[in-house]
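In what follows, a single structure is set out as structure tokens and then discussed.
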Amino acid sequence: MVKTRFAPSPTGYLHIGGARTALFNYIYAKHFGGKFILRIEDTDLERSLKAYEEDIVKSMKWLGLVSDEPVLYQSQRLDIYKEYCQKLLAQGKAYNCYCTANSLEEDKNKLIAEGKKPMYSGKCRNLSDDEQNLNLPHVVRFKTDRSDGNKFTKFKDLIRDQFVSVNHSEIDDFVIMRTDGIPTYNFAVVIDDALMGITHIIRGDDHLSNTPKQVLLYEALGFEPPAFAHVSMILGNDGKRLSKRHGATAVMQYKNDGFLPEALINYLVRLGWSHGNDEILSIDEMIQYFDLKHISKSAGVFNKEKLLWLNAHYIKQKTAEELVSLINDINATNIENENNNAEKGEIIQYSENVAVLIDALKPRAKTLVEIKEKMGFYLNKGALSYDTNLLGEIDKFKLNELNNNEYNDNSERKESAADEVIYFLNQLMDFVKNLQLNTLSLNGVGCLNFIKESFDGFFSKNKWSLKHKAMLIRIALTGEKISPGIYEVIFALGEARTLQRINDFIEFVRKNKFLL
RNA sequence: GGCCCCAUAGUCUAGCGGUCAGGACGUUGCCCUCUCAAGGCAGUAACACGGGUUCAAAUCCCGUUGGGGCUACCA
């Protein structure tokens with residue numbers, strides 16, 4: 001059975017590079033009906049943090065990448081590593097090293113100064129029992145085979161579909177057990193992967209150079225090495241390895257910024273893997289089609305524009321009701337997470353008005369956060385504070401569209417413009433009152449149609465056109481120059497708030513007449 | 001520096017000896033249109049360079065250049 005794992009270290013939040021590696025492991029295992037396991041590599045006591053650990057678990061859950069077995073923590077398996085270390089020691093495949101950090105540093109600097117490769121001198125490699133004192137601080141080093149001056153260790157990489165081989169002269173007698181008895185990465189990974197029965201290791205290619213060491217360890221321990229597949233790194237738009245300075249890298253940040261997990265997953269799977277010309281893939285399709293053969297060997301640049309496009313796509317697939325709960329979920333998250341970009345705010349109450357509004361907003365937003373922002377005029381329960389720069393739009397307003405009458409001077413024209421605006425808005429108020437929206441027993445679409453038809457009549461009766469009147473209505477109702485269609489806005493707002501806002505706006509125009 | 005890996009448009013990629021080098025994001029123009037989007041149509045743009053192998057190379061080989069990784073008692 002195929003068994004894969006994702007083994008992050010909790011020294012930082014789960015970032016999108018890790019998420020992609022996890023995804024590849026997950027869909028690869030599922031493709032073969034196998035298992036996927038999450039393992040936390042917390043052997044770096046200095047840098048590992050509980051908060052990061054929790055973030056990783058939470059992020060994986062959000063992405064839907066669930067572990068098929070209980071999450072494993074290396075810090076809870078210390079005895080196991082010790083046992084295997086003893087085994088290697090007993091077999092003479094590893095040795096205790098008493099060299100101090102200082103002397104190691106000196107040796108290293110000397111070698112660098114001489115232009116040589118900085119490697120361990122091998123001073124403790126052949127100490128006799130008499131020369132050993134286990135009470136002294138010491139590490140355990142792996143005894144790399146140097147019997148043949150031209151010995152190579154090789155392994156096959158499934159993504160490159162070729163062998164990578166390294167001369168033992170390049171492999172140091174690396175430390176497998178630290179002074180404090182905690183295993184190093186290379187040692188713990190091998191033991192865990194072997195004991196867990198991992199069949200395929202899919203990981204970042206920053207581990208490519210570590211693999212020969214691990215292969216050596218598999219051999220020394222008497223384990224069968226798994227298959228290796230090294231995925232290239234994700235780069236920022238400057239071509240450098242992706243990091244915080246490129247903007248958001250943490251998975252949870254994307255949640256807070258209003259991205260859907262399916263969009264992130266879809267983006268990530270296509271960054272480095274392809275299935276012909278397919279761009280939109282559900283997780284089931286990914287599982288069905290995934291293979292190592294079509295994983296790209298070269299590094300990929302993270303492109304937020306394309307992620308946004310995918311996010312917009314998946315937003316359009318959601319129902320208004322789903323979107324409401326998704327948006328509310330972000331806000332719930334933000335209460336506990338202070339470093340967020342999303343707007344704090346009250347919970348959106350689902351209703352038919354909200355549904356119509358959100359359906360209108362769906363094609364206009366690339367993120368959930370954007371939807372909420374664009375709903376601002378609706379969510380604002382009180383009076384709008386109209387910005388005086390809106391007066392520029394009002395200035396363009398013409399009551400009688402066919403009439404190109406000239407004014408004697410500018411002030412006359414402006415005075416007249418304000419009067420025309422107010423006249424129109426009063427007409428509009430009467431019209432809206434007559435609609436009697438409250439008494440209608442129509443559903444959302446039906447009501448929208450009714451509003452549209454009524455407006456058609458209202459405009460044609462007065463020889464007006466929607467084209468020339470819509471902006472003023474939009475501004476009065478939303479305080480913005482950009483919004484969904486005005487019929488949707490009116491439906492969402494409902495009769496009382498629509499009338500109130502028109503009234504408020506009339507007051508605003510009266511007050512600012514002189515600014516026109 | 002040494003070792004390892006990589007190289008198709010601005011970006012993600014298809015391609016696996018013979019293609020008008022295909023798709024997607026972006027971008028540009030047009031259409032639609034109550035604003036803004038969405039949508040539709042059209043356009044733009046690539047095989048890093050130099051040698052081989054071959055009747056034929058984006059595809060195979062070797063260099064060069066460029067990028068990345070490792071070179072820790074980090075992972």
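Chain identifiers are assigned alphabetically (A, B, ...) following the order of the sequence lines, protein sequences preceding nucleic acid strands; residue numbering begins at 1 within each chain. Only this structure's heavy atoms are used, side chains among them; waters, hydrogens and symmetry mates stay out. This is a predicted model, so every value here is computed, not measured.
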- Message: Which nucleotide wins on minimum distance to the side chain of A:Val164, given the candidates B:rA24, B:rC5, B:rC6?
- Response: B:rC5

- Note on the structure: Applying the 3.5 Å cut-off to both distances, the Watson-Crick or G-U partner of B:rC60 turns out to be B:rG52

- NZ/A:Lys452: more than 12 non-hydrogen atoms of other groups inside 6.0 Å: no

- Under the side chain to side chain contact (heavy atoms under 4.5 Å, CB included) test, which residues partner A:Ala320, sequence neighbours left out? A:Tyr350, A:Ala355, A:Ile358, A:Asp359

- Message: Centroid separation under 6.0 Å, is that true for the rings of A:Phe24 and A:Trp273?
- Response: no

- dist A:Arg141:CZ -> A:Asp172:CG (nearest 0.5 Å) comes out at 6.5 Å

- Query: What is the nucleic acid contact for A:Lys116, judged by heavy atoms within less than 4.0 Å: base, sugar-phosphate only, or nothing?
  - Reply: nothing

- Send over the distance from A:Lys117 NZ to B:rC3 P, rounded to a whole Å. 9 Å

- Task: Take atom P in B:rC31 and the same atom in B:rA45, then report the distance between them in whole Å.
- Result: 23 Å

- Query: A:Ser169 near the nucleic acid: base, sugar-phosphate alone, or nothing, with a heavy-atom cut-off under 4.0 Å?
  - Reply: nothing

- Message: Determine whether a donor-acceptor pair (N or O, by modelled atom type, separation under 3.5 Å) exists between the side chain of A:Asp42 and the backbone of A:Gln74.
- Response: yes

- Item | P spacing across the pair B:rC5 / B:rC49, given as an integer number of angstrom | 23 Å

- Task: Pick base, sugar-phosphate or nothing for A:Gly115, based on heavy-atom distances below 4.0 Å to the nucleic acid.
- Result: nothing

- For B:rA21, the Watson-Crick or wobble counterpart (both distances under 3.5 Å): none

- Message: Would you measure the distance from the P atom in B:rA58 across to the matching atom in B:rU65 and give it in whole Å?
- Response: 24 Å

- Figure out the CD/C1' separation between A:Glu170 and B:rC4, and round it to whole Å. 9 Å

- Note on the structure: Taken to the nearest whole Å, CG/A:Asp157 to P/B:rG69 is 17 Å

- Item | B:rG69 phosphate, OP1 or OP2, under 4.0 Å from A:Arg241 side-chain N/O | yes

- Euclidean distance for P, B:rA46 against B:rG66 (whole angstrom): 23 Å

- Under 4.0 Å between a side-chain N/O of A:Ser209 and OP1 or OP2 of B:rU71, yes or no? no

- Query: Across the strands shown, which category fits A:Lys481 at heavy-atom distances under 4.0 angstrom: base, sugar-phosphate, nothing?
  - Reply: base

- Starting at atom CG of A:Asp238, determine the distance to atom C1' of B:rG10, rounded to an integer number of angstrom. 14 Å

- Donor-acceptor contact present, side-chain A:Tyr254 to main-chain A:Ala248, <3.5 Å: yes

- Using the P atoms only, state how far B:rC47 lies from B:rA9, rounded to an integer number of Å. 7 Å

- Message: Over 60° means perpendicular and under 30° means parallel, so tell me whether A:Phe458 and A:Phe424 are parallel, tilted or perpendicular.
- Response: tilted

- Given atom NZ of A:Lys362 and atom C1' of B:rA38, what is their separation to the nearest angstrom? 12 Å

- Note on the structure: Ranking A:Leu235 and A:Arg474 by the position along RNA chain B of their nearest nucleotide, the one closer to 5' is A:Arg474

- Over all atoms of both residues, closest heavy-atom pair of A:Ala19 and A:Val251: CB-CG2, 3.7 Å

- If the P atom of B:rG10 is compared with that of B:rC4, how far apart are they to the nearest Å? 31 Å

- Item | Rounded interatomic separation in angstrom, taking CD1 from A:Ile234 and P from B:rU11 | 16 Å

- Item | Paired nucleotide for B:rC34 [Watson-Crick or G-U wobble; both distances under 3.5 Å] | none

- Message: I need the NE2-P distance between A:His275 and B:rA24, as an integer number of Å.
- Response: 17 Å

- So what does A:Gly272 touch, heavy atoms closer than 4.0 Å: a base, only the sugar-phosphate, or nothing? sugar-phosphate

- Message: Quick check: any donor-acceptor pair below 3.5 Å linking the side-chain of A:Asp205 to the base of B:rG69?
- Response: no

- Item | Closest listed nucleotide, where the reference is the side chain of A:His294 and the choices are B:rU35, B:rC12, B:rG15 | B:rG15

- Go ahead and name the base partner of B:rG29; Watson-Crick or wobble counts if both distances stay under 3.5 Å, otherwise write none. B:rC41

- When the C1' atoms of B:rA48 and B:rC6 are considered, how many whole Å apart are they? 13 Å

- side chain to side chain donor-acceptor pair (under 3.5 Å) pairs, two or more places apart, involving residues 179-188 of chain A: A:Tyr185-A:Arg203, A:Tyr185-A:His207

- Query: Given atom NZ of A:Lys297 and atom P of B:rC12, what is their separation to the nearest angstrom?
  - Reply: 15 Å

- Message: So A:Lys469, base contact, sugar-phosphate only, or nothing? Heavy-atom distance under 4.0 Å.
- Response: nothing

- Task: Between A:Arg270 and A:Ile486, just flag the one whose closest nucleotide in RNA chain B comes earlier from the 5' side.
- Result: A:Arg270

- According to the Watson-Crick and G-U wobble definitions, with both distances under 3.5 Å, which nucleotide is paired to B:rA9? none

- Check every strand shown and say whether A:Leu271 touches a base, only sugar-phosphate, or nothing at a heavy-atom separation below 4.0 Å. sugar-phosphate

- Looking at every strand, decide which applies to A:Glu279 at a 4.0 Å heavy-atom threshold: base, sugar-phosphate, or nothing. base

- Message: Ring-plane angle category for A:Phe228 and A:His230, please: parallel below 30°, perpendicular beyond 60°, tilted otherwise.
- Response: parallel

- Query: With sugar-phosphate meaning primed atoms plus P, OP1 and OP2, does A:Pro484 contact a base, only sugar-phosphate, or nothing at under 4.0 Å between heavy atoms?
  - Reply: base

For nucleotides 72-75 of chain B, list the nitrogen or oxygen atoms of the protein found under 3.5 Å from its nitrogen or oxygen atoms, one pair per line.
unit_1	atom_1	unit_2	atom_2	d
B:rC73	O2	A:Thr179	N	3.0
B:rC73	O2	A:Thr179	OG1	2.9
B:rC73	N3	A:Thr179	OG1	2.4
B:rC74	OP1	A:Arg178	NE	3.2
B:rC74	OP2	A:Arg178	NE	2.0
B:rC74	OP2	A:Arg178	NH1	3.4
B:rC74	OP2	A:Arg178	NH2	2.1
B:rC74	O5'	A:Arg178	NH2	3.3
B:rC74	O3'	A:Arg178	NH2	2.8
B:rC74	O2'	A:Asp44	OD2	2.6
B:rC74	O2'	A:Arg47	NH2	2.9
B:rC74	O2	A:Arg47	NH2	3.1
B:rA75	OP1	A:Thr43	OG1	2.6
B:rA75	OP1	A:Arg178	NH2	2.7
B:rA75	OP2	A:Tyr185	N	2.7
B:rA75	O3'	A:Glu41	OE1	2.8
B:rA75	O2'	A:Ser9	OG	3.4
B:rA75	N6	A:Asn210	OD1	3.2
B:rA75	N6	A:Asn210	ND2	2.8
B:rA75	N1	A:Asn210	ND2	3.1

- Message: Of the listed nucleotides (B:rC34, B:rA7, B:rA24), which one gets closest to any side-chain atom of A:Ala470?
- Response: B:rC34

- Carboxylate-amine/guanidinium contact A:Asp55 A:Lys50, below 4.0 Å: no

- For atom P, what is the distance between B:rU8 and B:rG67, given to the nearest Å? 15 Å

- Message: Applying a 4.0 Å non-hydrogen cut-off, can you work out what A:Leu466 is touching in the nucleic acid: base, sugar-phosphate, or nothing?
- Response: base

- Both distances under 3.5 Å, Watson-Crick or G-U wobble: report the partner of B:rA72, or none. none

